[in-house]
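As the structure is a computational prediction, the values presented were derived from the model and not from experiment. Counting begins at 1 with the first residue of the sequence. Read the numbers this way: they start at 1 and go in the same order the structure lists the ligands and their atoms.
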Amino acid sequence: MTTLVKSRVSTNVLSILAAAFIGIGIITVAGHVQAATLHDAAHDVRHATGFPCH
Ligand SMILES: [Zn+2]
């Protein structure tokens, strides 16, 4: 009985960790994509305005 409860709890912890990991991964990837998009937009503006950048 105790073992069953323990294994159930650890399964829940694992699934919560897995869900958290996937969620953090999605947020991280989305954040990087957004940062790259913002960076590209800022870069285009710099070139369009003739501002030296590289
Ligand atoms: Zn540039």
N/O donor to acceptor pairs below 3.5 angstrom from side-chain atoms of residues 10-23, sequence neighbours left out:
residue, atom, partner, partner atom, Å
Ser10, OG, Lys6, O, 3.4
Ser10, OG, Ser7, O, 3.0
Thr11, OG1, Ser7, O, 2.7
Ser15, OG, Thr11, O, 3.2
Ser15, OG, Asn12, O, 2.9

Atoms named by residue and atom, protein N, O or S, within reach of the Zn ion (ligand 1) (under 2.8 Å): His43 NE2, His47 NE2, Cys53 SG, His54 NE2
Tell me, which pairs form a side-chain hydrogen bond (donor to acceptor under 3.5 Å, both in side chains) where one or both residues lie in residues 26-40, sequence neighbours left out? none
Expected list for residues 41-53: side-chain donor-acceptor pairs under 3.5 angstrom, two or more places apart:
residue, atom, partner, partner atom, Å
His43, NE2, His47, NE2, 3.1
His43, NE2, His54, NE2, 3.3
His47, NE2, His54, NE2, 3.0
Thr49, OG1, Val45, O, 2.8
Thr49, OG1, Arg46, O, 3.1

